[in-house]
Amino acid sequence: MSMPPGGYGSVGGQVPARWLVLIAQGGEQDDGPMVARLFDPDRRELAQFDATAEEVVVMTTGLVPEHGAVGPDWERALGQHSPEERRQAQVYTLDI
């Protein structure tokens, strides 16, 4: 798992995570592995890890995802993913 120093929150001056995106790994088939990607409020990536990690369950408990990471901001942030992968992504808005 790739994680910023101090974890996911704003510990030690880190910018807090605003979004958790669950998306197919680039280049994989429809039933391929998913990756979890954390983004700050400016949609800069903070961390990336396996979507089956326990942290995903903890972070998403009680949250309802938006379906699709669409629009210019997500296109820039998730440019290595295909338009179809972005449309199928689950985007969780995290409490800051």
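Throughout, residue positions are numbered sequentially from 1 according to the sequence presented. As a basis for the values below, the full set of heavy atoms in this structure was taken, side chains included, without hydrogen atoms, waters or symmetry mates.
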Student check: side-chain heavy atoms of [X] and [Y] closer than 4.5 Å:
X	Y	result
Leu78	Phe39	yes
Arg18	Thr93	yes
Asp42	Val15	no

Leu38 vs Leu94, test: side chain to side chain contact (heavy atoms under 4.5 Å, CB included). Steps then yes/no. CA-CA 10 Å; Leu38 281 172; Leu94 304 174; 3.8 Å; yes

Out of curiosity, [X] [atom1] to [Y] [atom2], how far, rounded to the nearest 0.5 Å?
X	Y	atom1	atom2	result
Ile23	Met34	CD1	CE	7.5 Å
Arg87	His67	CZ	NE2	15.0 Å
Glu55	Asp50	CD	CG	10.0 Å

What's the shortest heavy-atom distance between [X] and [Y], and which atoms?
X	Y	result
Glu85	Gln25	OE2-O, 3.3 Å
Pro41	Pro16	CD-O, 3.5 Å
Ala51	Leu22	CB-CD2, 4.1 Å

Among pairs that include at least one residue of residues 56-68, which meet salt bridge (charged side-chain N to carboxylate O under 4.0 Å, His left out), considering only residues two or more places apart or in two chains? none

For Thr60 and Gln90: C-alpha separation, side-chain torsions, deciding distance, then whether side chain to side chain contact (heavy atoms under 4.5 Å, CB included) applies. CA-CA 11 Å; Thr60 60; Gln90 295 176 19; over 6 Å; no

Hey, mind stepping through Val56 and Phe49 against side chain to side chain contact (heavy atoms under 4.5 Å, CB included) and telling me if it holds? CA-CA 9 Å; Val56 173; Phe49 47 96; 3.5 Å; yes

Residues 70-77 side chain polar contacts: donor-acceptor under 3.5 Å, at least two apart:
residue	atom	partner	partner atom	Å
Asp73	OD1	Arg76	NH2	2.5
Asp73	OD2	Arg43	NH1	3.3

